[in-house]
Amino acid sequence: MVASTAGEVAMSSEEMVYNVVLKQAALVNKQPSGVTRDLDVNPDIALPGTLSLLSEAYDRCGEVCAEYAKTFYLGTLLMTPERRRAIWAIYVWCRRTDELVDGPNASHITPTALDRWESRLEDLFRGRPFDMLDAGLSDTVTKFPVDIQPFRDMIEGMRMDLRKSRYKNFDELYLYCYYVAGTVGLMSVPVMGIAPDSQATTESVYNAALALGIANQLTNILRDVGEDAQRGRVYLPQDELAQAGLSDDDIFAGEVTNKWRNFMKNQIKRARMFFDMAENGVTELSEASRWPVWASLLLYRQILDEIEANDYNNFTKRAYVSKAKKIAALPIAYAKSLLRPSRIYTSKA
């Protein structure tokens, strides 16, 4: 539970994150085509260089996206040019942020370095980007109602990685998953847009985007159990491990037992539940934005299938989706992207 002052009822992580969702949805509803930022911004501040340099900045963001997220990149090609470039810029900022704690220089990253990264974030939201890749995002936040809060929260997730390697329960893990992945959905919805004929509330679409981020991160965690254990990290709820008759020692031993299989079945069931919660919201996005999201959802969910196919051995076998299966998923994702929003929207959240 999240700490509270004396006399107050402690707020769960899900309740705290839901309040963030409400704020993001309200900002978009209030300024559907404006700029949403909680910083003092001078909209007349010009980005350094010329328009050609800005175009080059977006092109570079696209190249990074194509290199590290090929399937998602292909999906973005159906989006309008302005939305496509904005999504690339957001992707690159998120990747650079993640690289701070998971990249080659991660061992040298300190809380002070993350504080400097957050200061850079504030500067780019004020129209003062530090480098070319920052410039793409700095321009994006002037064109779409993108709020700084999810970006700050992602940096907070990186801080958690520096100070925390165990999670007592799912409430703690949920907050971490929101910080490092759920935030991506909240960043992206204002850019991707909601279909004009959608009957869904903005809040429900944000909830679905949040659910997809949570599902993706839970899938990452289940896929990478062995790799994380080698770094002394266990991203699994400690209380649920204990209830299953397991401990950190079992994870470090890396033996697939019936207890482990049963534990993993429950963890996979939860991740699939979040994917199911996300599905309704994808259909409510603007038509041109749905394909990359469907592709991401279908491919990530298949990782869970591969864990099962490996007999739940995520200690020494890395579950991955083959290139052939990735290619096969693209036309399925495209077909799903053509589905029109439901006349009656029912949220599973």
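- A donor-acceptor pair shorter than 3.5 Å can be found between the side chains of Asn313 and Thr316.
- Within the 3.5 Å criterion, the main-chain N or O of Ile307 finds no donor-acceptor partner in the side chain of Asn310.
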- Message: Please determine whether side chain to side chain contact (heavy atoms under 4.5 Å, CB included) holds for the pair Tyr178 and Gln217, giving the CA-CA distance in whole Å, both sets of side-chain angles, and the decisive distance to 0.1 Å.
- Response: CA-CA 9 Å; Tyr178 159 69; Gln217 187 59 28; over 6 Å; no
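- The main-chain N or O of Gly136 is found under 3.5 Å from a side-chain atom of Thr140 such that the two form a donor-acceptor pair.
- Within the 4.5 Å cutoff, the side chain of Arg85 has no heavy atoms near those of the Ser55 side chain.
- Residue pairs meeting the salt bridge (Lys or Arg N to Asp or Glu O under 4.0 Å) criterion with at least one partner in residues 238-247, sequence neighbours excluded, are Glu240-Arg270.
- Each salt bridge (Lys or Arg N to Asp or Glu O under 4.0 Å) pair with one or both residues in residues 301-316, not counting sequence neighbours, appears once here: Arg261-Asp311, Arg272-Asp305, Arg272-Glu308, Asp276-Arg301, Glu279-Arg301, Glu306-Lys325.
- One hydrophobic cluster, built from ILVMFWY side chains closer than 4.5 Å, holds both Leu121 and Ile87.
- Identified under the ring-ring contact (aromatic ring centres under 6.0 Å, His included) test for residues 267-304, with sequence neighbours left out: Trp291-Tyr334.
- Residue pairs meeting the ring-ring contact (aromatic ring centres under 6.0 Å, His included) criterion with at least one partner in residues 237-267, sequence neighbours excluded, are Trp260-Phe263, Trp260-Phe315.
- Listed by first then second residue, pairs satisfying salt bridge (Lys or Arg N to Asp or Glu O under 4.0 Å) with a partner in residues 61-71 read Arg60-Glu63, not counting sequence neighbours.
- Thr97 places a side-chain N or O within donor-acceptor distance of the main-chain N or O of Trp93, the cut-off being under 3.5 Å.
- Counting heavy-atom neighbours within 6.0 Å of Phe130 CZ, excluding the residue itself, gives a total of 12 or less.
- Within the structure, ring-ring contact (aromatic ring centres under 6.0 Å, His included) contacts touching residues 63-90 (residues at least two apart or in different chains) are Tyr73-Trp88.
- Chaining together hydrophobic side chains whose heavy atoms lie under 4.5 Å apart places Tyr18 alongside Leu22.
- Side-chain atoms of Asn216 and Ser296, non-hydrogen and from C-beta on, do get closer than 4.5 Å to each other.
- Using a cut-off of 4.0 Å between Lys/Arg side-chain N and Asp/Glu carboxylate O, Arg96 and Asp131 are scored as salt-bridged.
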- Message: If you apply the rule side chain to side chain contact (heavy atoms under 4.5 Å, CB included), what do you find for Thr219 with Ile268, and how did you get there?
- Response: CA-CA 8 Å; Thr219 300; Ile268 288 173; over 6 Å; no
- Query: Would Tyr91 and Ser188 satisfy side chain to side chain donor-acceptor pair (under 3.5 Å), going step by step from the backbone distance to the final call?
  - Reply: CA-CA 9 Å; Tyr91 171 85; Ser188 303; over 6 Å; no
- Trace of the salt bridge (Lys or Arg N to Asp or Glu O under 4.0 Å) decision for Lys23 with Asp147: CA-CA 10 Å; Lys23 178 190 173 187; Asp147 185 48; 3.8 Å; yes
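- Salt bridge present: Arg166 and Asp248 bring a charged side-chain N and a carboxylate O closer than 4.0 Å.
- Residues near Ile327 contribute nothing to a hydrophobic cluster around it, because no ILVMFWY side-chain heavy atom sits closer than 4.5 Å to its side chain.
- The backbone N or O of Leu124 lies less than 3.5 Å from a partner atom in the side chain of Ser138, making a donor-acceptor pair.
- With salt bridges taken as basic N to acidic carboxylate O contacts below 4.0 Å, none links Asp102 and Arg95.
- A salt bridge links Glu172 to Lys164: one of the charged nitrogens lies within less than 4.0 Å of a carboxylate oxygen.
- Residues satisfying the salt bridge (Lys or Arg N to Asp or Glu O under 4.0 Å) test with Arg83, not counting sequence neighbours, are none.
- In the hydrophobic clustering (ILVMFWY side chains linked at under 4.5 Å, chained through shared members), Met132 stands by itself.
- Annotation: side chain of Ile221 is in contact with side chain of Leu236 (closest heavy-atom distance under 4.5 Å).
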- Item | Residues Asp139, Tyr58; criterion side chain to side chain donor-acceptor pair (under 3.5 Å); working and verdict | CA-CA 10 Å; Asp139 183 61; Tyr58 276 122; 2.7 Å; yes
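- Cluster membership check: Leu339 does not share its hydrophobic cluster with Met192, using side-chain heavy-atom separations under 4.5 Å among Ile, Leu, Val, Met, Phe, Trp and Tyr.
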Identify all side-chain donor-acceptor contacts of residues 154-161 below 3.5 Å with residues at least two apart in sequence or on another chain.
{"from": "Glu156", "atom 1": "OE1", "to": "Arg159", "atom 2": "NH1", "distance (Å)": "3.1"}
{"from": "Glu156", "atom 1": "OE2", "to": "Arg163", "atom 2": "NH2", "distance (Å)": "3.2"}
{"from": "Arg159", "atom 1": "NH1", "to": "Glu118", "atom 2": "OE1", "distance (Å)": "3.3"}
{"from": "Arg159", "atom 1": "NH2", "to": "Asp115", "atom 2": "OD1", "distance (Å)": "3.0"}
{"from": "Arg159", "atom 1": "NH2", "to": "Glu118", "atom 2": "OE1", "distance (Å)": "2.6"}
{"from": "Asp161", "atom 1": "OD1", "to": "Tyr176", "atom 2": "OH", "distance (Å)": "3.2"}
{"from": "Asp161", "atom 1": "OD1", "to": "Tyr235", "atom 2": "OH", "distance (Å)": "2.5"}
{"from": "Asp161", "atom 1": "OD2", "to": "Tyr176", "atom 2": "OH", "distance (Å)": "2.9"}

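- In this structure, Leu186 and Tyr206 have side chains that are in contact, with non-hydrogen atoms separated by less than 4.5 Å.
- Linking Ile, Leu, Val, Met, Phe, Trp and Tyr residues whenever their side-chain heavy atoms come within less than 4.5 Å leaves Leu100 and Val64 in two separate clusters.
- Applying the salt bridge (Lys or Arg N to Asp or Glu O under 4.0 Å) test to pairs two or more places apart or on separate chains, those with a residue in residues 203-230 are Asp224-Arg318, Glu227-Arg318, Asp228-Arg231.
- In this structure, a donor-acceptor pair under 3.5 Å is absent between the side chains of Asn280 and Glu284.
- Between Thr183 and Asp153, the side chains place no donor N or O within less than 3.5 Å of an acceptor N or O (distance only, hydrogens not considered).
- Of the possible donor and acceptor atoms, none in the side chain of Arg128 sits under 3.5 Å from a partner among the backbone N and O of Asp123.
- A distance-only check finds no donor-acceptor pair linking the side chain of Tyr312 to the backbone of Met264 [under 3.5 Å].
- Rounded to the nearest 0.5 angstrom, Leu304 CG and Gln302 CD are separated by 10.0 Å.
- Taking 4.5 Å as the limit, every side-chain heavy atom of Val180 sits out of range of all side-chain heavy atoms of Asp98.
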